[in-house]
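Below: the structure, in structure tokens.
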There are 2 protein chains.
Amino acid sequence: MSGEGPFTHQARNQRKSVRTRARLMDAAVEVFARDGFEAASVNEIARRADVVNGTFYVHFKDKDAIAAEVAFKVAYDIARQIDGAMTHIDNAAERFSCATRQFIEIACGQPQWGWVLIRSAGYAPEVHRQVESYLRTDLALGVRQGLFDLEIDAFTMDTILSMILAALAARLRGDTGPEAASKVSEMVLRVLGVPAVAAKAFAWSPIELQGFKIQTTL
Amino acid sequence: MSGEGPFTHQARNQRKSVRTRARLMDAAVEVFARDGFEAASVNEIARRADVVNGTFYVHFKDKDAIAAEVAFKVAYDIARQIDGAMTHIDNAAERFSCATRQFIEIACGQPQWGWVLIRSAGYAPEVHRQVESYLRTDLALGVRQGLFDLEIDAFTMDTILSMILAALAARLRGDTGPEAASKVSEMVLRVLGVPAVAAKAFAWSPIELQGFKIQTTL
DNA sequence: CCAATAATTGACAAAGGTCCCAAAAAACGC
DNA sequence: GCGTTTTTTGGGACCTTTGTCAATTATTGG
């Protein structure tokens, strides 16, 4: 086994079944991140969780089942962290910029989670829904505040999300430094109709967070 | 076998080896488009090309080899079609909008090629390079013409490409109608710094093509 | 038309995948 | 500590995949 992952940590005081399940999920994250969903094998996941192959099937029906659960939990957890740290920001452009930058930062701090998000975006609708949920609210707010002049429909959301994920991928690949998060924020704000100068200001201003620091594990 | 694909058609008068190779490539397009690169199997490709498994290995070293070749040929061919039909347009914003809209239209006319482009974008650098080659020229031109005010670096290119591919994917999934191409053009032009009104005008103006119509097969 | 060359075949080994299950071991409540 | 319940084990049945190769069949130039 390779260290203790976030799910395992969260399950530390629960009954054995729960702990094993959590170990399988941490292992699945590693394998999905490295090999992609299609190429990942149940055997490899079990091996990394230090259980024999048969144990896997006690806990999950098949590969699809664990993938859906892992993707959902990862997306949910990240979204929750971001939301919690932003309750004090009112301006929609600032909220968007802050959320996007934090999202990329958090996902980079846990690279395997980042890759799982990217690689599962195509297959797992629940990931899309999770990430979009925090986006949609702020975008709609911006329209109401008169900051954004673009119609926020499903296609717009989809395009914006793909920009953010592209930035995350570039960052995880190491193609770019931490500035990618601000760059992509600025680009999206321009798409939304924020004037260039204001977009730059929002995207590059320092982030103020509620509380000390962002929590990067469950 | 399921009909005659573009590669097979192009190879119709060549020697047998070339024709079989082309059939394998058409089959590979179908399988990669349907299953994605990771899940695609050499067996399935051979079956669809109406040859036995062993024949595949006469023509290609392995799955990677055929994937690289297919992705490159598809990207190259589409880029060539677009370039050829745009020699008479001078304005960079118009060129970009026209190229993007045609790109999506062509890729949708041959859905399997479209999916191959999307699914291989992550794995095959040659696809990125091909598609970016026609983009980069026009974006740089726009900066020189004073139309765009955004620095065109690798990250910018990457983000813009991901927007275009997201629109293509939405279109191929049937999530959106033909207007997606104009919508995404408009969004990218805004990113590039084109004023909202002008961006809308460029993105939705009718396309004038050199010659009669776009060719949609090799 | 025939010999030489080119191309395809089909069977197979080796590797690895999925999923199941009877038996063993561990954990739990009393 | 002890019997019951929960959980894990290990191996096996069966399938798919990859990649190779000697044998066979098709094509083609002379």
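Proteins get letters first, then strands, A, B, ... in listed order; numbering begins at 1 in each. Side-chain atoms are counted along with the backbone in the values below, which use heavy atoms only and exclude waters and symmetry mates.
- Take the nearest nucleotide of DNA chain D for A:Val51 and for B:Ser41: the residue whose nucleotide is more 5' is A:Val51.
- Using a 4.0 Å cut-off between charged side-chain N and carboxylate O, A:Asp158 and B:Lys183 make no salt bridge.
- Atom CG in B:Asp35 sits roughly 14 Å away from atom C1' in D:dT16 (whole-Å rounding).
- Annotation: A:Trp113 is in aromatic contact with A:Phe7 [ring centroid separation under 6.0 Å].
- Legend: residues meeting side-chain contact (heavy atoms from CB on, under 4.5 Å) with A:Ala140, ordered by chain and number and at least two apart, are A:Arg144.
- Residue contacts shown for A:Thr55 include a base, since a base heavy atom lies under 4.0 Å away.
- Near DNA chain C, meaning a heavy atom under 4.0 Å away, the residues from residues 57-66 of chain B are B:Val58, B:His59.
- Under a 4.0 Å N-O distance rule, the pair B:Glu44/B:Arg48 qualifies as a salt bridge.
- Only A:Arg15, A:Lys16, A:Ser17, A:Thr20, listed by number, bring a heavy atom of residues 12-21 of chain A to less than 4.0 angstrom from any atom of DNA chain D.
- Separating the CZ atom of B:Arg47 from the C1' atom of D:dT18 is a distance of 13 Å, rounded to the nearest angstrom.
- Partner of B:Ile78 under the side chain to side chain contact (heavy atoms under 4.5 Å, CB included) criterion, out of B:Val131, B:Ile106, B:Asp83: B:Ile106 alone.
- Phosphate contact (OP1/OP2 of D:dT16, side-chain N/O of B:Asn43, threshold under 4.0 Å): absent.
- Checked by atom type and distance alone, the side chain of B:Ser182 never pairs as donor or acceptor with a backbone atom of B:Glu179 at under 3.5 Å.
- Protein chain B contacts DNA chain C over a range whose 5' and 3' limits, counting nucleotides with an atom under 4.0 angstrom from a non-hydrogen atom, are C:dA6 to C:dG10.
- Side-chain contact check for B:Tyr123 and B:Glu38: at least one donor-acceptor pair (N or O, by modelled atom type) lies under 3.5 Å.
- Legend: residues meeting side-chain contact (heavy atoms from CB on, under 4.5 Å) with B:Arg12, ordered by chain and number and at least two apart, are B:His9.
- Remark: the backbone N or O of B:Asp138 is not paired with any side-chain donor or acceptor of B:Arg95 at under 3.5 angstrom.
- Scanning for salt bridge (charged side-chain N to carboxylate O under 4.0 Å, His left out) contacts around B:Arg129 gives an empty result, with sequence neighbours left out.
- Remark: the B:Arg21 side chain and the B:Ser17 side chain contain no N/O donor-acceptor pair separated by less than 3.5 Å.
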